[in-house]
Amino acid sequence: MAKTIQENTVFVIDDDEIIRLSCEQILKKSGYEVETFASGINGIERLKQVSPPLLVVDIKMPELDGFEVIKIVRKIDPDVVIVVITGYATIETAVDAMKMGAYDFLPKPFTPSELRLIIERGFERWHLAREAQLLRKQKEEVERKFVTLVSHQLKGPLAAVKQYLDVLLYTCKDQFHGETLEWISRSQARISEMLNLIHDWLMMAKLDRGSLCDRNASADIGMIIENIVEEYQQLPSSKNLSLSFEIAPGLKPVCGDAVSLSMLFGNLVSNAVKYNIAGGTVMVRAAGDDKWVHVEVSDTGLGIPESFRPHLFEEFSRVRSQETQNIPGTGLGLVICKKIVDELGGSIELDSKEGEYTTFIVKLPVAEPKKEVGSAEETAGSHLTEAISGENNE
Ligand SMILES: Nc1ncnc2c1ncn2[C@@H]1O[C@H](COP(=O)(O)OP(=O)(O)O)[C@@H](O)[C@H]1O
Ligand SMILES: [Mg+2]
């Protein structure tokens, strides 16, 4: 059950009765409710029932001292603002207490206005932290609702429009010529771009909420690569690309689920296809040892300019050049790749020469032996369609 918050209350824990009484008098005069405790144990017991914004605690006490009180209080009530009272000789210990989570300290002896000031500041801090917490919750709620809105209210109708256009083209093929046909094809391409954007956007939101990758699963990376490369091999290619893969024998399963891993390598292969030149090659190699699996996705395409590399994993960033201007994309694929790799405890690096080649090197940890091997059914998803339209657009 949630604890009651007593919004105007200060708890004072001090074995010295005079301090307890004076704190009570001074603070009550300023309009605060005050509860005093002669020992840490009593104060902690009460803190388990109610939550005050502020706790004043003496450092030097018999039995449970101030440090131990802070340690326990931080666990049972992380939001309470703690002020420690300390003697002159113990300034360093007050600093230590602040390192443990106390907000401020009040050296003894203190004047009523010094106490009031520090308590006022403590309350301000508590209110600010509370507001920030509320805003964070509201932001999360808005984001969650937005993702649902995007997926249901935008994706659905767009997919339907795309289907209508497909049907229109298929059934009334003979009636469309020249410009009309061109307009319909362009509409289809733009809708595909929007659907890809929504897809990537939703994936990013899922990754940010930590609900996409499953680190406890394990997957056969060889199967995943084989599926992706074979799917691209079957696509009609206006560029005449040659795609191949090499999987080292005895490769260990990697940590992660087949869906995220397919998305990761689907994105990289999609890029290797999209940003390639006519007659170019795409090669995916996987090898490893007992701890790591290395996957290299190489192409003989446009290469990535040095100046763009610092922005490679930034949202919506794309190389702007004559060669790339007609290739569709969202600039989110590599951001998603990086998030997946980070989530799975791996790394992603780049080796590229402009106008010659690009190689992405992904390193993933080998899974614990006990885990079950996941299916590699999932494929590169929307990136496959993106790569096709990328080819057709050239
Ligand atoms: N293999 C590659 N060869 C050349 N350029 C690439 C390659 N992969 C990525 N890029 C560049 O990095 C940009 C970002 O890639 P990505 O995040 O996948 O977005 P998208 O492909 O949707 O534009 C691309 O727009 C492209 O300019
Ligand atoms: Mg991409």
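In this text the structure is predicted, and so the values were computed from the model without any measurement.
Partners of Ser321 by side chain to side chain contact (heavy atoms under 4.5 Å, CB included), not counting sequence neighbours, listed by chain and number: Val319, Glu323, Thr324. When the salt bridge (Lys or Arg N to Asp or Glu O under 4.0 Å) test is applied to Asp58, the partners found at least two apart in sequence or on another chain are Lys108. Judged as a side-chain hydrogen bond (donor to acceptor under 3.5 Å, both in side chains), and not counting sequence neighbours, Asp174 has no contacts. Residues that satisfy the side-chain hydrogen bond (donor to acceptor under 3.5 Å, both in side chains) test with His127, not counting sequence neighbours, are absent from this structure. With sequence neighbours left out, the ring-ring contact (aromatic ring centres under 6.0 Å, His included) criterion links Tyr164 to no other residue. For Gln163, there are no side-chain hydrogen bond (donor to acceptor under 3.5 Å, both in side chains) partners two or more places apart in sequence or in a different chain. Every residue two or more places apart in sequence or in another chain that forms a ring-ring contact (aromatic ring centres under 6.0 Å, His included) with Trp201 is listed here: Phe146. The ring-ring contact (aromatic ring centres under 6.0 Å, His included) check on Phe313 picks up nothing, with sequence neighbours excluded. Taking the ring-ring contact (aromatic ring centres under 6.0 Å, His included) definition, one finds that Phe123 meets it with Tyr32, sequence neighbours left out.
In terms of hydrophobic clustering, with Ile, Leu, Val, Met, Phe, Trp and Tyr side chains grouped at heavy-atom distances under 4.5 Å, Leu54 and Phe105 are assigned to different clusters. If you chain together hydrophobic residues whose side chains sit under 4.5 Å apart, Tyr103 and Ile82 never meet in one group. A continuous path of ILVMFWY side-chain contacts below 4.5 Å connects Ile225 to Val282, so both sit in one hydrophobic cluster. Hydrophobic clustering of Ile, Leu, Val, Met, Phe, Trp and Tyr side chains at less than 4.5 Å, counting indirect connections, unites Ile26 with Ile118.
By the 4.5 Å heavy-atom criterion applied to side chains, Asp290 and Val366 are not counted as neighbours. Two residues are said to be in side-chain contact when any heavy atoms from C-beta on lie closer than 4.5 Å; Val34 and Gln25 fail this criterion. The closest side-chain heavy-atom distance from Ile44 to Leu64 is below 4.5 Å.
At a threshold of 4.0 Å, the pair Glu143-Lys139 counts as salt-bridged, since one of the basic side-chain nitrogens sits closer than that to a carboxylate oxygen. Remark: Glu68 does not engage Lys71 in a salt bridge, criterion side-chain N to carboxylate O under 4.0 Å. Comment: Arg190 engages Glu193 in a salt bridge, judged by a side-chain N to carboxylate O separation of less than 4.0 angstrom. Under 4.0 Å is where a charged nitrogen must lie from a carboxylate oxygen, and between Glu120 and Arg116 no such pair does. A salt bridge links Glu45 with Lys48: at least one charged nitrogen is closer than 4.0 Å to a carboxylate oxygen.
For the pair Ile336 and Met203, the tightest heavy-atom approach, listed with the atom from each and the gap, is CD1-CB, 3.8 Å. In terms of heavy-atom proximity, Leu106 sits nearest to Glu114 at CD1-O, 4.0 Å. Looking at every heavy atom in both residues, Gly288 comes nearest to Leu251 through N-CD1, 3.6 Å. Closest of all the heavy-atom pairs between Ile348 and Cys337 is CD1-CB, 4.3 Å.
Under a 3.5 Å cut-off, the side chain of Ser218 and the backbone N or O of Pro253 do not form any donor-acceptor pair. Of the possible polar contacts, none joining the Lys338 side chain to the Glu314 backbone as a donor-acceptor pair under 3.5 Å is found. At least one donor-acceptor pair closer than 3.5 Å links the side chain of Thr300 to the backbone N or O of Thr281.
Counted within 6.0 Å of CD on Glu141, heavy atoms from surrounding residues, nucleotides or ligands total more than 12; the atom is thus considered enclosed. Counted within 6.0 Å of CZ on Arg125, heavy atoms from surrounding residues, nucleotides or ligands total 12 or fewer; the atom is thus considered open. A 6.0 Å sphere centred on CE of Met194 holds no more than 12 heavy atoms belonging to other residues, nucleotides or ligands.
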In a table with atom names and distances, give each donor-acceptor pair under 3.5 Å that connects a side chain of residues 356-365 to protein atoms at least two apart or in another chain.
residue	atom	partner	partner atom	Å
Tyr357	OH	Asp351	OD1	3.3
Thr358	OG1	Ser352	OG	3.1
Thr359	OG1	Ser298	OG	3.2

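One finds the CZ atom of Arg320 at 10.5 Å from the CD atom of Gln325 (value rounded to the nearest 0.5 Å). Atom CG of Leu27 and atom OG1 of Thr36 lie 11.0 Å apart (nearest 0.5 Å). To the nearest 0.5 Å, atom CD of residue Glu343 and atom CG of residue Asp214 are 10.0 Å apart.
Asn196 and Thr330 share no donor-acceptor pair across their side chains, judged by distance under 3.5 Å alone.
Each ring pair (Phe, Tyr, Trp, His ring centres under 6.0 Å) pair with one or both residues in residues 314-355, not counting sequence neighbours, would appear here, but there are none. For residues 6-20, the set of pairs meeting the salt bridge (charged side-chain N to carboxylate O under 4.0 Å, His left out) definition, not counting sequence neighbours, comprises Glu7-Arg130.
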Exercise for the section: Decide yes or no on salt bridge (Lys or Arg N to Asp or Glu O under 4.0 Å) for Lys137 and Glu140, but give the supporting numbers first. Expected result: CA-CA 5 Å; Lys137 274 198 188 138; Glu140 278 168 15; over 6 Å; no

